[in-house]
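Reviewing the structure listed below.
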Amino acid sequence: MPQRNIVSWTAMISGFSQNGQFLQAVKTFSSMRLAGENPTQFAFSSAIQASTSLGVVEFGKELHCLSVKLGFNFELFVGSNLADMYSKCGYLVDACRVFDEMPCKDEVSWTTMIDGYTKNGNFEEASLAFKKMVYEEVNVDHHVFCSTLGACAGLKASSLGKSLHSFIVKLGFELEIFVGNALTNMYSKVGDLESASRVLETNSECRNVVSCTSLIDGYVEKDQIDKALSVFLELKRQGIEPNEFTFSTLIKACANQAALEQGAQLHAQVIKSHLEKDPFVSSVLVDMYGKCGLIDSSVQVFDRVKDPTGIAWNSLVGVFAQHGLGRDAVRIFEQMTCKGVKPNEITFVNILRGCSHNGLVEEGLEYFNSMGKVYGVAPRPEHYSCVIDLLGRAGRLDQAEEFINKMPYEPNAFGWCSYLGACRTYGDKERGELAAEKLMALEPENSGTHVLLSNIYASAGQWEGVRSMRKMMRDGKVTKLPGYSWVDVVGIQYIRDHAFIPWWDKKVVCREECQLFQHRCGMERASQAPSKLNFDRVMNPIYHHWRACQEMDCHSAIKFISKVVGRKIIVRDNRFHHFGNGLCSCADFW
DNA sequence: GTAGGGTTAG
């Protein structure tokens with residue numbers, strides 16, 4: 001073994017770190033310590049970077065303590081590295097503490113903090129940090145702009161983004177590729193797709209897979225799938241290879257639109273590009289097939305992934321949950337944990353929804369209670385809402401109320417909405433009023449609230465209440481967004497000819513209501529309008545409130561249609577319903 | 001002799 005001095009140790013550590021061999025870098029640092037050498041600030045920098053990349057905050061903390069002992073923590077590089085390490089590992093408070101204690105900060109230290117705030121979702125602080133650094137006359141370079149533009153994207157702050165853009169042009173950074181990418185992304189995220197496209201048009205240097213993917217995602221978010229696809233085709237025409245980000249964005253769009261054909265074509269391209277094993281791409285494929293109603297294809301894609309990550313498992317649990325196959329969702333969850341894959345927040349949302357849609361109340365409660373204790377996942381507002389939903393759907397309104405009162409915070413909109421829906425289903429006017437009041441404060445523009453409360457009043461025979469709800473909707477200019485479906489029309493058939501009587505024909509009071517809160521899902525059109533459908537696949541991609549429809553009429557209409565035409569029909573609201581021979585897979589439990 | 005920050009996805 002050759003004699004090593006501190007410089008050669010340091011060179012080794014930095015070499016490993018720069019080549020992406022982070023574990024080696026960390027190990028070498030430890031060996032150096034065992035050999036009795038005291039690290040230099042250079043060695044600290046590389047070792048801290050390596051533990052940042054590995055995400056091992058424990059080792060990072062050790063390095064921090066040691067650097068304090070040796071008096072390196074106030075150094076420019078070591079301080080910035082430590083702040084970076086803490087913020088990237090999610091310890092923003094510690095990052096701030098290190099940063100604040102640094103006697104001397106440069107643009108790199110500031111960028112680290114701006115980026116740290118952004119990555120931890122604290123966009124406001126990120127933009128304040130930028131303003132502060134400009135005020136303190138710290139040099140700004142293109143890195144600073146990239147990070148700050150990320151914060152604008154998160155804040156949806158188009159005016160701040162625009163002023164940054166002109167600042168960038170003034171300083172001559174607009175041709176930097178990373179800046180162009182960050183600009184395109186910012187404009188896409190704030191929804192200003194014209195400006196996003198303009199950045200790419202005026203600056204061909206910046207037309208690359210990252211910026212194009214940002215633009216595609218911008219169109220996808222606005223449901224302008226055609227435009228998203230044309231950017232994709234243009235990208236390919238220019239010889240730019242789409243990557244895993246591009247594919248997952250587009251496939252996600254296909255999932256949301258239940259665009260099976262497009263999705264399957266993209267799947268073929270994914271295979272050609274050897275990206276089918278990417279954790280994001282495979283998981284979004286699982287999700288896409290699930291959302292298109294093809295559970296088997298979903299499972300097939302999943303089975304082809306060698307070592308599925310948590311993301312892919314989550315998708316599969318989600319697919320079963322969405323299709324009302326709660327027991328299968330539970331089974332997949334158990335397989336996942338048996339294989340040593342750690343469930344996260346999303347897993348629990350999916351499994352709780354699965355339980356909720358199947359009336360698996362005890363199982364759901366057990367999962368909720370085990371989240372923190374067994375799996376170390378702290379319940380978040382969405383999990384609390386799932387439990388409200390779980391109890392509410394099962395008609396346990398007393399328990400749901402008790403749960404709400406014991407929650408550490410107020411339920412979110414989904415929570416109140418579930419509670420309100422349950423109050424409607426089980427005819428609880430008092431509780432319903434409270435839930436509606438809370439929901440209107442949270443989401444004044446949500447027409448579903450007015451509809452549900454109005455229905456509660458109507459079934460209690462309180463027409464004054466019904467009228468006041470209508471007035472509120474008129475005065476508040478609340479309009480119900482119609483749901484819609486993609487259906488392949490292959491002929492003409494009137495289901496009324498088969499003696500289907502819509503409920504607005506049956507009940508005088510409801511007729512008016514139906515017109516007011518017209519529930520325009522595809523099935524209503526199918527029941528009224530002359531359409532014979534290709535009943536293999538009927539999708540409703542919009543999460544609308546069937547529960548708002550007093551007599552669950554769409555639901556019963558589809559059951560009826562499935563019997564009349566003798567075909568299987570799959571319809572999606574906030575889950576999937578498989579209809580056949582006059583029955584639905586949800587057994588009317590939703 | 002040896003060291004730091006930036007863009008796209010579930």
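Keep in mind the model is a prediction, meaning the values are calculated, not measured. The chains referred to below are lettered A, B, ... by the order of the sequence lines, with proteins before strands, and numbering in each begins at 1.
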Hey, do the aromatic rings of A/Phe99 and A/Trp110 have their centres closer than 6.0 Å?
-> yes

Could you tell me whether A/Glu234 and A/Arg237 have a side-chain N and a carboxylate O separated by less than 4.0 Å?
-> yes

Report yes if a donor N or O on one partner sits less than 3.5 Å from an acceptor N or O on the other, where the partners are the side chain of A/Asp141 and the base of B/dG5; otherwise report no.
-> yes

Could you check whether A/Phe178 and the base of B/dG6 form a stacked pair, meaning centres closer than 5.5 Å and planes differing by less than 30°?
-> yes

Is any side-chain N or O of A/Ser147 under 3.5 Å from a base N or O of B/dG6, one able to act as donor and the other as acceptor?
-> no

When we call it a touch if two heavy atoms are under 4.0 Å apart, what does A/Glu107 touch: a base, just sugar-phosphate, or nothing?
-> base

Ignoring hydrogens and angles, answer whether the base of B/dG4 and the side-chain atoms of A/Ser80 contain a donor-acceptor pair closer than 3.5 Å.
-> yes

Is the cationic atom of A/Arg33 (NZ for Lys, CZ for Arg) positioned less than 6.0 Å from the six-membered ring centroid of A/Phe59 and within 45 degrees of its normal?
-> no

Proximal nucleotide (of B/dA9, B/dT2, B/dG5) relative to the A/Ser14 side chain = B/dT2

Integer-rounded Å distance: B/dG4 P and A/Ile13 CD1 = 13 Å

Whole Å only: how far is the CD atom of A/Glu221 from the P atom of B/dT8?
-> 14 Å

Under a 4.5 Å cut-off applied to non-hydrogen side-chain atoms, are A/Met102 and A/Ser80 in contact?
-> yes

Looking at A/Lys119, does any N or O in its side chain come under 4.0 Å of the phosphate oxygens OP1/OP2 on B/dG5?
-> no

Base, sugar-phosphate, or nothing for A/Asn208, non-hydrogen atoms under 4.0 angstrom?
-> nothing

Can A/His143 be said to stack with the base of B/dG5, given centres closer than 5.5 angstrom and planes under 30 degrees apart?
-> yes

Looking only at B/dT8, B/dG1, B/dA9, the nucleotide nearest the A/Ser214 side chain is B/dT8

Examine the base of B/dG4 for any acceptor or donor lying under 3.5 Å from a partner atom in the side chain of A/Asp106, and report the outcome as yes or no.
-> yes

Mind checking whether A/Phe44 and A/Phe29 have parallel, tilted or perpendicular rings, split at 30° and 60°?
-> tilted

Selection from B/dT2, B/dT8, B/dG5 that lies nearest to any side-chain heavy atom of A/Val144 | B/dG5

Among A/Asn350, A/Asn344, A/Asp287, which residue meets the side chain to side chain donor-acceptor pair (under 3.5 Å) test with A/Asn314?
-> A/Asn344

Under 4.0 angstrom between A/Asn185 side-chain N/O and B/dT8 OP1 or OP2 = yes

Has A/Lys189 got a side-chain N or O lying under 4.0 Å from the OP1 or OP2 atom of B/dA9?
-> yes

Interatomic distance where CZ belongs to A/Phe130 and P belongs to B/dG5 [whole Å] | 20 Å

Under 4.0 Å between any heavy atoms, over every strand shown, what does A/Glu75 touch: base, sugar-phosphate, or nothing? Just pick one.
-> nothing

In whole Å, what is the span from the CD1 atom of A/Ile240 to the P atom of B/dT7?
-> 20 Å

Rounded to whole Å, the NZ-P distance (A/Lys105 to B/dG5) equals 19 Å

Examine A/Phe333 together with A/Tyr375 and report whether their ring centres are nearer than 6.0 Å.
-> yes

Below 4.0 angstrom from OP1 or OP2 of B/dG10, is there any side-chain N or O of A/Lys252?
-> yes

By centroid distance (under 5.5 Å) and plane angle (under 30°), are A/Phe77 and B/dG4 in a stacked arrangement?
-> yes

Candidate nucleotides B/dT7, B/dG5, B/dG4, ranked by approach to the side chain of A/Ala182 - the nearest = B/dT7

With a non-hydrogen cut-off below 4.0 angstrom, is A/Val7 in contact with a base, only sugar-phosphate, or nothing?
-> base

Check the distance between B/dT2's C1' and A/Phe72's CZ and give it to me in whole angstrom.
-> 13 Å

Counting side-chain heavy atoms from C-beta on, which of B/dA9, B/dG5, B/dT8 comes nearest to A/Phe280?
-> B/dA9

Per A/Leu76 side chain, nearest of listed nucleotides B/dG4, B/dA3, B/dT7 | B/dG4

The side chain of A/Thr213 lies closest to which of these nucleotides: B/dG10, B/dT2, B/dT8?
-> B/dT8

Starting from P on B/dG4, measure out to CZ on A/Phe99 and report it in whole angstrom.
-> 19 Å

Which part of the nucleic acid, if any, lies within contact of A/Ser109, taking any heavy atom under 4.0 Å across all strands shown: a base, the sugar-phosphate backbone alone, or nothing?
-> base

Does a nitrogen or oxygen in the side chain of A/Gln41 sit under 4.0 Å from OP1 or OP2 of B/dG4?
-> no

Between B/dG10 (C1') and A/Ile311 (CD1): distance, integer Å | 6 Å

